[in-house]
Amino acid sequence: QVQLVESGGGLVQAGGSLRLSCAASGLTFSNYNMGWFRQAPGKDREFVAAISWSGSITYNRDSVKGRFTISRDNAKNTVYLQMNSLESEDTAVYYCAARGRTGGTYFVAGGYDYWGQGTQVTVSS
């Protein structure tokens, strides 16, 4: 079965950093584009970042550009989200998602096929 397992969330002070990891199993990892989404209480799930199957193309929402970096290691079946200069507005549950190479979109949650359970990121100010 397909599993995506996030880790690395926690409590951090504003201006600090965290690195989220998402370990995938049960799929051919290199055949999937990967994304990170987040959802804060009372808010819709929103796109954060995405990376193509090979890692050659990345996207970030405007509010995290210059602060967050998505990357992947296909040999380890893992996608990462390095988060620097964290702000209180970044507080949310962060979800890892996988999207087949030929379907859906990078930017919409409905375009993804598989999801992890999420990891909480809390930024104190």
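Everything numeric in this text was worked out from a predicted model, so none of it was measured.
Listed by first and then second residue, the ring pair (Phe, Tyr, Trp, His ring centres under 6.0 Å) pairs that reach into residues 41-86 are Phe37-Phe47, Phe47-Phe107, Tyr59-Tyr106, Tyr59-Phe107, sequence neighbours excluded. Judged as a salt bridge (Lys or Arg N to Asp or Glu O under 4.0 Å), the pairs with a partner in residues 69-87 (not counting sequence neighbours) are, in order, Arg67-Glu87. The stretch residues 116-125 participates, sequence neighbours left out, in these side chain to side chain donor-acceptor pair (under 3.5 Å) pairs: Gln120-Thr122. The side chain to side chain donor-acceptor pair (under 3.5 Å) pairs that include a residue from residues 4-15 number zero, where partners must be two or more places apart or lie in different chains. For residues 36-101, every residue pair satisfying the disulfide (SG to SG under 2.5 Å) rule, not counting sequence neighbours, is listed here: Cys22-Cys96. Sorted by first and then second residue, the disulfide (SG to SG under 2.5 Å) pairs with a member in residues 34-95 form an empty list; sequence neighbours excluded. Sorted by first then second residue, the salt bridge (Lys or Arg N to Asp or Glu O under 4.0 Å) pairs that include residues 32-42, not counting sequence neighbours, are Arg38-Glu46, Arg38-Asp90.
Lys65 meets the salt bridge (charged side-chain N to carboxylate O under 4.0 Å, His left out) test with Asp62; sequence neighbours excluded. Taking the side chain to side chain donor-acceptor pair (under 3.5 Å) definition, one finds that Ser88 meets it with nothing, sequence neighbours left out. Evaluation of the side chain to side chain donor-acceptor pair (under 3.5 Å) rule for Gln82 yields Asn84 as partners, not counting sequence neighbours. Qualifying side chain to side chain donor-acceptor pair (under 3.5 Å) partners for Thr58, counting only residues two or more places apart in sequence or in other chains: none. For Ser54, the side-chain contact (heavy atoms from CB on, under 4.5 Å) partners two or more places apart in sequence, or in a different chain, are Ser52, Ser56.
Here the closest non-hydrogen pair linking Val2 and Leu27 is CG1-CD2, 3.6 Å. Ala50 approaches Tyr112 most closely through the heavy-atom pair CB-OH, 3.6 Å. Ala24 approaches Leu4 most closely through the heavy-atom pair CB-CD2, 3.5 Å. Contact detail for Gly8 and Leu18: the closest heavy-atom pair is O-CD2, 3.8 Å.
Rounding to the nearest 0.5 Å gives a distance of 8.0 Å between OG1 of Thr69 and CG of Leu81. Atom OG1 of Thr78 and atom CG of Leu20 lie 12.5 Å apart (nearest 0.5 Å). Atom NZ of Lys43 and atom OG1 of Thr91 lie 12.5 Å apart (nearest 0.5 Å).
Neither Val121 nor Trp115 shares a network with the other; the hydrophobic side chains, linked directly or stepwise wherever heavy atoms of I, L, V, M, F, W or Y lie under 4.5 Å apart, form separate groups for each. Hydrophobic clustering (ILVMFWY, side-chain heavy atoms < 4.5 Å, transitive): Tyr95 and Tyr32 are in distinct clusters. Hydrophobic clustering (side-chain heavy atoms under 4.5 Å, transitive across Ile, Leu, Val, Met, Phe, Trp, Tyr) keeps Val93 apart from Val79.
Taking 4.5 Å as the limit, every side-chain heavy atom of Trp36 sits out of range of all side-chain heavy atoms of Met83.
Between the side chain of Asp113 and the backbone N or O of Gly100, at least one donor-acceptor pair lies under 3.5 Å.
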